[in-house]
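Note that the numbering runs from 1 along the sequence shown for the chain.
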Amino acid sequence: MQNGKESMHVYARPPAGRARSPPLSPIHSPRHRLGRTRSGRQAGGGGPTRPYVIRLIFLLFSFLLRRHAVLLLAPVIYISGMLLYMGTLSLDLPSSAGVARGSVYRSPEVFEHLWPAMEADNDSSFGVEKAWEYAATAGWRPCLARESEADGLPESNGYILIEANGGLNQQRSSICNAVAVAHLLNATLVIPHFHLNSVWQDNSKFGDIYDEKFFIESLAEDVRVVKKLPDEVLEQFGNMSNIYNFKVKAWTPADYYLEKVKPKLLEAGVVRFSPFANRLAYDKIPPKVQQIRCKTNFEALRFAKPIASLADVLVKRMVEKSSNTGGKYIAIHLRFEEDMVAFSCCIYDGGEQEKIEMDAARERGWRGKFTRNGRIVDPAANRVDGQCPLTPLEVGMILRGMGFRNTTPIYIAAGKIYKAEKTMLPLRQMFPYLQTKETLLSAEELAPYKKHSSRMAALDYTVCLQSEVFVSTKGGNFPQILVGHRRYLNNGHSKTIRPDTRKLAVLLDDPNISWAAFSEQLRAMRLHGDMKGHELRKSNASIYKFPAPDCMCEDPVLDTSRETNMRRVRLHL
């Protein structure tokens with residue numbers, strides 16, 4: 001692998017067949033940049049007098065050093081020097097219009113300017129088939145301990161009940177954490193109950209989404225799992241509300257469960273946790289428990305047969321639509337739904353009508369949250385900080401800039417896109433071979449799932465998992481779980497594009513940028529993501545997003561052919 005300097009040089013290398021342009025360094029994230037004036041001098045001062053000031057300070061310091069007084073005045077000198085230095089710096093990002101660069105949504109202007117050159121760019125040296133240079137044969141393989149207790153599991157300490165809240169993937173992490181806690185406490189887990197979320201509005205039960213029988217059997221060597229609390233145990237309490245409920249804080253360490261929960265479990269025979277999402281820390285967890293989390297997430301949680309069967313049909317049809325690229329396609333998790341746009345408090349190009357709609361959506365979904373006294377909403381700062389959901393237009397520009405041709409087959413995983421009739425047009429203009437659940441399945445096939453958002457998300461999850469390239473446009477539980485699953489099944493490489501939204505905010509703020517400069521920056525961003533594809537878990541990072549090294553072992557030689565990987569994927573669905 002190349003060293004750092006060589007890697008940066010690679011980023012600036014122009015595409016084959018294209019005229020060389022002056023080297024262009026990748027844009028740095030605004031958060032880490034210092035403001036500068038047009039002359040290149042740091043804003044806020046630092047003119048020609050600065051060297052004399054520094055020389056004066058140096059002479060004073062030398063004088064005091066000879067008299068040992070520096071020991072007394074050193075702190076004062078240090079603080080004064082720091083204040084003087086900081087006074088020469090500016091941390092804002094001025095533009096020619098006096099507005100912070102990246103704070104205004106100008107993507108439509110940039111697209112209009114770039115479209116003729118984008119349309120004329122016929123470079124065919126890159127495509128979805130060649131997307132990953134660093135997903136090499138050497139990598140990681142799933143590596144979970146398979147040994148079981150010689151005499152089976154010890155006698156159970158009691159039952160635990162949990163209520164998993166949130167959407168499909170938040171519930172998924174809750175299930176995995178519940179299994180881990182049950183193992184930690186040597187307890188019997190009752191199949192989790194799903195809370196009816198006010199946003200998702202899906203009344204699906206565990207067995208409607210996951211293969212319940214397979215789940216119980218897969219974990220039999222590690223944890224006892226039962227479908228319901230035995231009647232004789234429930235009769236002791238009369239009803240569920242009388243069972244002691246632990247209100248556990250987020251990211252609670254394992255010690256809490258052993259020191260606080262276990263004594264109550266032994267005393268009462270059953271405890272419950274409601275709500276139960278993100279209630280177990282990622283760090284300072286016994287290795288065996290970490291592996292049980294991975295086993296639950298990546299192996300035991302298979303979708304129920306009706307979902308799995310329809311998902312297989314969906315994938316098969318998407319592969320057929322991708323015949324010109326050897327069955328390989330891009331899947332995009334597009335988070336430009338109305339609730340996401342409203343929650344972000346970002347401003348786009350809809351004017352007063354957009355403001356009225358977004359204010360109403362915020363009030364419906366989060367009554368009073370954004371209008372209470374003292375709440376400050378700064379859309380410009382949100383955009384500079386990369387917090388605004390990418391529009392379909394921006395996603396298309398990113399992919400074309402990265403070198404993907406207009407014939408690339410793309411699958412869109414999303415809910416109801418905000419103003420889709422308008423916002424999806426430019427994406428279709430850039431990528432005509434666009435597919436969704438609705439275009440690949442008939443109305444009759446999709447009808448049983450329409451009113452169940454979690455089951456619809458499960459279909460999207462499967463198509464995204466089997467894609468050659470996955471594009472995550474916004475954070476959240478869906479991409480976090482999916483990226484980890486892709487790593488688990490693709491030799492540790494995520495095969496995922498995660499655009500740097502802070503850099504993009506600056507890049508998409510220049511209506512006069514050239515296509516060569518724009519595409520060079522995007523290709524550098526893609527290559528950087530490819531090089532980081534084999535990221536390992538760091539302290540406090542999600543075990544579900546980074547399964548290596550806790551749940552994977554290094555393997556120098558692995559077969560990464562599509563056929564091998566797809567067989568492995570199907571085994572775990």
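- Under the 4.0 Å criterion applied to side-chain N and carboxylate O atoms, E259 and K264 are not assigned as salt-bridge partners.
- Side-chain contact annotation: H485 with Y461, donor-acceptor N/O pair under 3.5 Å present.
- Donor-acceptor pairing under 3.5 Å is lacking for the side chains of Y210 and Q171.
- Side chain of T473 to main chain of H333: a donor-acceptor pair is present (N/O by atom type, distance under 3.5 Å, no hydrogens or angles).
- Between the side chains of T423 and T391, no donor N or O sits under 3.5 Å from an acceptor N or O.
- Using a 4.5 Å heavy-atom cutoff, the side chains of I292 and T296 are in contact.
- The two residues R486 and K495 make their nearest non-hydrogen contact at NH2-O, 2.8 Å.
- Contact check for N203 versus H452: side-chain heavy atoms found under the 4.5 Å cut-off.
- At a threshold of 4.5 Å between non-hydrogen side-chain atoms, the residues P286 and V289 count as touching.
- A salt bridge does not link K305 with D211: none of the charged nitrogens is closer than 4.0 Å to a carboxylate oxygen.
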Taking distance alone, no hydrogens or angles, what donor-acceptor pairs closer than 3.5 Å link side-chain atoms of residues 475-482 to residues at least two apart or in another chain?
unit_1	atom_1	unit_2	atom_2	d
Q480	NE2	S542	OG	3.4

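- The aromatic rings of F273 and F276 lie tilted to each other, with the angle between the two planes from 30° to 60°.
- Between the side chain of S174 and the main chain of Q170, a donor-acceptor pair closer than 3.5 Å is present.
- By the 4.5 Å heavy-atom criterion applied to side chains, W132 and R526 are not counted as neighbours.
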Problem set entry | Check against disulfide bond (SG atoms under 2.5 Å apart), C551 and C143 | CA-CA 5 Å; C551 305; C143 184; over 6 Å; no
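- For the pairing with L399, the side chain to side chain contact (heavy atoms under 4.5 Å, CB included) check across I332, L522, L427 returns one residue only, I332.
- Residues K284 and D255 are not paired through a salt bridge, judged by the lack of any N-O separation under 4.0 Å between the basic side chain and the carboxylate.
- Taking the six-membered ring where the residue is Trp, the centroids of F246 and Y257 are separated by 6.0 Å or more.
- A salt bridge does not link R272 with E163: every distance from a Lys NZ or Arg NE/NH1/NH2 to an Asp or Glu carboxylate oxygen is 4.0 Å or more.
- Defined by atom type and a distance below 3.5 Å, a donor-acceptor pair is present between the side-chain atoms of R172 and N297.
- P275 approaches K247 most closely through the heavy-atom pair CD-NZ, 4.1 Å.
- Judged as a ring-ring contact (aromatic ring centres under 6.0 Å, His included), and not counting sequence neighbours, the contacts of Y105 are Y348.
- In this structure, R362 does not pair ionically with E338, as no charged nitrogen and carboxylate oxygen lie closer than 4.0 Å.
- There is a side-chain donor-acceptor pair under 3.5 Å between H493 and D530.
- For the residue pair D283 and S539, a side-chain donor N or O sits within less than 3.5 Å of a side-chain acceptor on the partner.
- Neither side chain, E129 nor T325, offers a donor N or O lying under 3.5 Å from an acceptor on the other.
- Between Y544 and N169, the side chains place no donor N or O within less than 3.5 Å of an acceptor N or O (distance only, hydrogens not considered).
- No cation-pi contact links R293 to F298, judged by a cut-off of 6.0 Å to the six-membered ring centre and 45° from its axis.
- No cation-pi contact links R455 to Y449, judged by a cut-off of 6.0 Å to the six-membered ring centre and 45° from its axis.
- Looking at D385, its side chain never comes within 3.5 Å of a backbone N or O of Q387 through a donor-acceptor pair.
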